[in-house]
Amino acid sequence: MLFNFVTALTLFAESIQAASVLRFGCSSITVERLDPLVNPGVNPSPHVHQVVGGNAFAAAIPSTDVSQLANCTTCSFSEDLSNYWTANMYFKARNGTYKRIPQIANRGNEGEVGGMTVYYTSAYDKSKVTAFKPGFRMLAGDPTMRTKAGITKWNGICFRCYTAKNFGGDNGAPCSDSKVDSVDLPKKACPGGIRTTIRFPTCWNGKDLDSPDHTTHVSYPSTGTFENSGACPSTHPVKLPQLMFEVIWDTSAFNDKALWPADGSQPFVFSQGDATGYGQHGDYVFGWKGDVLQKAMDASCFGATCAPLKTQAFTEANKCAIQNSVNEPVDGWLTSLPGMTSPLGRK
Ligand SMILES: *[C@@H]1O[C@H](CO)[C@@H](O)[C@H](O)[C@H]1NC(C)=O
Ligand SMILES: *[C@@H]1O[C@H](CO)[C@@H](O)[C@H](O)[C@H]1NC(C)=O
C-alpha cells in the first residue's frame, strides 16, 4: 500500500519534472469555536473548526510575521508555523443529537493525531511560483453555500468516498473520478471514510496580504485550472504555490443504515449547520520561517522531506499544544451543533 502510494507520488513528481510537491501531515492543535481570519477576536466564533499548525493560533493572530509569534508546530516540517483549519464534520443521529467525526492520518503520515494533510505544489509548467509573504492569509470556499457553486469550476473543493478500508477506491487526481468523487456529501455509506479536498486560489494581486472578504486579493486561474497550467488573470498576475488540504473523516462507526435518517438521506453535517457539503471551506494564515518555503518551491522535492527544509517526527510535533480558550463541549452526544441556534442546525 505504502509502496504503491510512494510510487504514484514519484511518478507524479517526475511527470511535472523540476516541480516541488510538498505533502505532509499536521496533527490537531485544537478543535474549538475560534476563527482568527473571519471573526478575529471573537470568542466564541460562530462554528467549530479543527485547526493544525503553529502555537500562535488564538482568537486573534496579529498580522505580522507569524513565524516570530509561534515557537512550535504540529506539522512535520518544523519551520512551518502556519495555521490551517476547516469546519468539522458531525454525525446527526435519528434522535437529533450530534457526534463529532474523528479524523485519521493519511497514507504516509503515520503518527499524526487528528489533523490533516497539507500540500504545496509549484507550477506544473516550470514557471516560477512566488511563495506567500509574512502576514499573508486567505480563505477557500464559502461556509454559507448550500448549492453547487462556482468553486467546482477549478476542481477546487470536493469529497472522495473511500469504498473500502485503507483508502479503497482512491485512484486518480482529486475531484476527477465521478465514481468516488462528488462536490456534495456522498449519498451512500463510505466504508473507508470520506476525504475532503480543498484547493486554494493560486493567483495573487501582488500587493495585498489579505482583503476584507479574505478572497478578493487572490484568484483561481482565468482559464483552466492550476493543474493544466491555466493562466492567472491580469488583475492577479502573481502565480502562487497551490495550497491544498486533505482531511480524512473516519465515518466508519456511523455507516449502519439503521442509524441513518428514515428517509434514506445521508446523516453527516458540517459544524456550520451544512448538511449539503457545498459549504466546506478552508482557512490559511501563512507562517513559514524566512524564505524556506520559496527555497522548497524552487527545489525539486516531493512528499514530506525536502533538502532545504527541517523535519520533525510526529512524537515531537504532537508535543506542540495550546490551551483551549472556548469553554464548551465539542465532543460526546450534543443536543445541538456548538453555536448553532436551532437544534436542527442552521440551513
Ligand atoms: C513558546 O511559546 C509559548 C506560548 O507562546 C510560551 O509560553 C513559551 O514560553 C515559549 N517557549 C519558548 C522556549 O520560547
Ligand atoms: C441518541 O442516539 C445515539 C445514537 O443512536 C445514542 O447513542 C444516544 O444515546 C441517543 N441519545 C439519547 C438522549 O437518546
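Order of listing sets the numbers, starting from 1, for every ligand and every atom in it.
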**Study point:** salt_bridge(K148, D184) N-O dist < 4.0 Å
**Key:** no
Practice item. Select all protein residues for which some heavy-atom-to-ligand 2 distance is less than 4.0 Å, and list them by chain and number. Key: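 Close residues (ligand 2, cut-off 4.0 Å): A93, N95, T97, W333.
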**Study point:** Inter- and intrachain pairs under disulfide (SG to SG under 2.5 Å), touching residues 200-278, at least two apart
**Key:** C203-C232
Practice item. Classify the side-chain pair D250/Q103 by whether it contains a donor and acceptor separated by less than 3.5 Å. Key: no
Review point. Out of L209, N83, I61, which residue meets the side-chain contact (heavy atoms from CB on, under 4.5 Å) rule with R137?
Key: I61
Report, one line per pair, each donor and acceptor closer than 3.5 Å where one atom sits in a side chain of residues 280-288; sequence neighbours left out.
from : atom 1 : to   : atom 2 : distance (Å)
Q280 : OE1    : T196 : OG1    : 2.8
Q280 : NE2    : C158 : O      : 3.3
H281 : ND1    : G279 : O      : 3.0
H281 : NE2    : H47  : NE2    : 3.3
D283 : OD1    : W85  : NE1    : 3.4
Y284 : OH     : Y120 : OH     : 2.9
W288 : NE1    : D80  : OD1    : 3.4
W288 : NE1    : Y120 : OH     : 3.1

Practice item. Return each pair, listed once, that meets ring pair (Phe, Tyr, Trp, His ring centres under 6.0 Å) where at least one residue sits in residues 307-331; pairs must be two or more places apart or across chains. Key: none
